[in-house]
Amino acid sequence: MAERIDVSTPDGSYPILIEPGLLERLDPAAHGLDRRAAVITNTTLAPLYGGRLADALPDAALISMPDGEQYKTLDTVTQLYGDMVAAGLDRSSAAIALGGGVVGDTAGFAAATYMRGVRLVQIPTSLLAMVDSSVGGKVGVDLPQGKNLVGAFKQPERVLIDPSVLVTLPEREWRCGMAEAIKHGLLRDPVLLDLAPDYRMHVAEIIRRAVQAKVDVVQADPYEQGIRAHLNLGHTFAHAIERVSGYAWLHGEAVAVGLVAAARLSARLGLCDPALADHVEALVGGIGLPTRITGLDPQAIYAAMATDKKWQQGRSRFVLLEGIGKPRIVENVRQSEVIAVLDKMNN
Ligand SMILES: NC(=O)c1ccc[n+]([C@@H]2O[C@H](COP(=O)([O-])OP(=O)(O)OC[C@H]3O[C@@H](n4cnc5c(N)ncnc54)[C@H](O)[C@@H]3O)[C@@H](O)[C@H]2O)c1
Ligand SMILES: [Zn+2]
């Protein structure tokens, strides 16, 4: 049942292993985890999996951060540095990020910068982290001014995906993971869109296909100088919605609405058939993800988008769709077109 996907990067290559039961049966030496290490997780996952993992390793400390996007901050990173010193981590030690995207991004950033960088192993535990955030080497934290404004590229030494930990993942978080899986489907793999409605039944195949789609993109463009930007499909809208909602919307929920908005904007600009936007909305809505910006002000969303780090010199920049598998970057979309799309999604 074990799957292995190798990712080649400018700094060498690393494996992504996908195997139900991998954590239970973990062989520390086989994964380079028999030296000094810290399992960095959060207060929810420490009692579920973190303690057991640290105990199963010959020389590992357990470090916990609070749970929630609001803790993906430099303050938390500072705390982690202190805990890493206290745990005796040196330059040859490994940081093991065990958690969802928040732990992966925050602990990953700490690993990228502590002593100018220690080894990083990603063990994603949310579906979103498995299909997206643990792969590709982007780590970072939020600032009060916006999401992911401080970060680094830090390739993991390996990514260990054990889908069996998803048994404890709340349903709302499953759906969030599916938003990113649908994004990968729209960008590169239509089979993902066919599997999405029955996602619990097809989770192993969804993880494998979504990871492969992301790997294909990041291998082609590791530092986001070109096509990697396609992975931001729906995200210009999403990051703004997260912020305007005061993070009451989860990242995946905002991505879901962002995918619908991107498809609607594509149709409005004549890039794709409106039927594609209907299809995206039906898929997203069908699995219980939001398709409306209900209660959020389109003008406020636009204002938040205008601070997006991808909008260079104030020029708007969207990833849009000409069809499934045909993303296209479009700049200088008129504000009135964007607002018109958001207005129609506001009920
Ligand atoms: N670095 C990247 O390339 C990248 C890509 C996509 C998203 N992200 C980031 O990822 C973050 C979102 O990640 P997320 O959706 O995983 O959120 P998250 O890390 O907040 O996890 C969601 C919730 O599920 C809980 N959880 C995780 N695994 C669990 C399990 N197996 N059992 C029970 N509970 C579990 C967590 O404790 C948390 O409460 C955002 O900050 C986003 O910006 C980063
Ligand atoms: Zn995302």
Side-chain angles (χ1 to χ4, degrees), residues 69 142 144-149 172 175-176 178-183 185-187 193 196 229-324 326-347:
E69 178 77 32
D142 304 333
Q145 291 83 358
K147 288 254 312 168
N148 301 331
L149 288 182
R172 187 178 176 195
R175 291 194 289 264
C176 285
M178 284 310 300
E180 303 280 15
I182 289 172
K183 177 191 78 177
L186 289 169
L187 291 173
L193 307 179
H230 294 162
L231 295 171
N232 293 317
L233 180 67
H235 279 61
T236 302
F237 290 102
H239 289 154
I241 287 167
E242 284 181 84
R243 239 174 87 205
V244 169
S245 78
Y247 296 97
W249 286 55
L250 298 177
H251 178 71
E253 293 166 344
V255 169
V257 161
L259 293 174
V260 176
R264 290 269 169 242
L265 185 57
S266 307
R268 189 178 172 89
L269 299 177
L271 292 175
C272 73
D273 194 314
L276 176 62
D278 295 340
H279 181 45
V280 174
E281 181 169 332
L283 255 180
V284 163
I287 63 176
L289 284 161
T291 60
R292 295 270 172 275
I293 58 164
T294 318
L296 302 179
D297 174 19
Q299 297 287 351
I301 293 174
Y302 192 88
M305 287 197 289
T307 66
D308 192 301
K309 62 181 188 282
K310 311 263 158 42
W311 288 27
Q312 284 140 10
Q313 285 119 39
R315 286 154 62 109
S316 74
R317 189 176 159 89
F318 289 91
V319 183
L320 299 178
L321 288 172
E322 292 177 338
I324 292 169
K326 291 188 190 144
R328 181 171 141 189
I329 292 170
V330 180
E331 294 195 324
N332 281 329
V333 178
R334 284 169 47 195
Q335 178 171 351
S336 58
E337 305 282 4
V338 180
I339 296 285
V341 164
L342 290 172
D343 273 335
K344 284 201 176 155
M345 292 174 62
N346 191 13
N347 57 41

Q: Return the set of residues passing side chain to side chain donor-acceptor pair (under 3.5 Å) with His251 (not counting sequence neighbours), or none when no residue passes.
A: Glu180, His235, Glu242
**Q.** Residue pair Leu259 / Leu233, side-chain heavy-atom distance below 4.5 Å
**A.** yes
(Q) Show the nearest heavy-atom pair for residues Pro298 and Ile293, with the distance to one decimal. (A) CG-CD1, 4.0 Å
Q. Taking all atoms of both residues into account, what is the closest heavy-atom pair of Glu322 and Cys272, and its distance?
A. O-CB, 3.7 Å
Q: Indicate yes or no: at least one non-hydrogen side-chain atom of Asp142 is less than 4.5 angstrom from one of Glu69.
A: yes
Q) Which heavy-atom pair separates Val319 from Pro327 by the least distance, and what is that distance? A) CG1-CB, 4.2 Å
Q) With side chains defined as the heavy atoms from C-beta onward, is the minimum distance between Glu253 and Cys176 less than 4.5 Å? A) yes
Q.
For a side chain to side chain contact (heavy atoms under 4.5 Å, CB included) check, start with the C-alpha distance between Ile339 and Tyr302, then their side-chain angles and the critical distance, and finish with the verdict.
A. CA-CA 7 Å; Ile339 296 285; Tyr302 192 88; 3.8 Å; yes
Q. What heavy-atom pair brings Met345 and Val260 nearest, and what distance separates the two atoms?
A. CE-CG1, 3.8 Å
Q: Please name the pair of heavy atoms, one in Ala179 and one in Ala256, separated by the smallest distance, quoted to 0.1 Å.
A: CB-N, 4.0 Å
Q: Can you measure from CG (Asp297) to CG (Asn346) and round to the nearest 0.5 angstrom?
A: 8.0 Å
Q. When you look at Ile182 and Ile287, which way does the side chain to side chain contact (heavy atoms under 4.5 Å, CB included) test go after all the steps?
A. CA-CA 11 Å; Ile182 289 172; Ile287 63 176; 3.9 Å; yes
Q: To the nearest 0.5 angstrom, please state how far the NZ atom of Lys344 sits from the CZ atom of Arg292.
A: 11.0 Å
Q. Just how far is it from atom CZ of Arg268 to atom CG of Leu265, taken to the nearest 0.5 Å?
A. 8.5 Å
Q | Nearest-0.5 Å distance that lies between atom CZ in Arg317 and atom CG in Asn232 | A | 8.5 Å
(Q) Assess the residue pair Gln335 and Gln299 against the criterion (side chain to side chain contact (heavy atoms under 4.5 Å, CB included)); give the C-alpha distance rounded to whole Å, side-chain angles, the decisive distance to 0.1 Å, and a yes or no. (A) CA-CA 10 Å; Gln335 178 171 351; Gln299 297 287 351; 3.9 Å; yes
Q. Going by heavy atoms in the side chains, are Leu342 and Arg264 under 4.5 Å from each other?
A. no
Q) Roughly how far, to the nearest 0.5 Å, is the NZ atom of Lys147 from the OH atom of Tyr247? A) 6.0 Å
**Q.** Student check: side-chain heavy atoms of Ile301 and Arg243 closer than 4.5 Å
**A.** no
Q. Of Val257, Val255, Leu289, which meets side chain to side chain contact (heavy atoms under 4.5 Å, CB included) against Val284?
A. Leu289
Q: Can you see which heavy atom on Ser266 is nearest to which on Leu321, and at what distance?
A: OG-N, 3.0 Å
Q: Kindly determine whether Ile324 and Leu276 satisfy side chain to side chain contact (heavy atoms under 4.5 Å, CB included), including the steps that lead there.
A: CA-CA 8 Å; Ile324 292 169; Leu276 176 62; 3.6 Å; yes
Q. So do Ser316 and Val338 actually touch side chain to side chain, heavy atoms under 4.5 Å?
A. no
Q: Using a 4.5 Å cut-off on heavy atoms from C-beta on, say whether the side chain of Val244 contacts that of Trp249.
A: no
Q. What distance do Leu283 atom CG and Leu186 atom CG have between them, rounded to the nearest 0.5 Å?
A. 7.5 Å
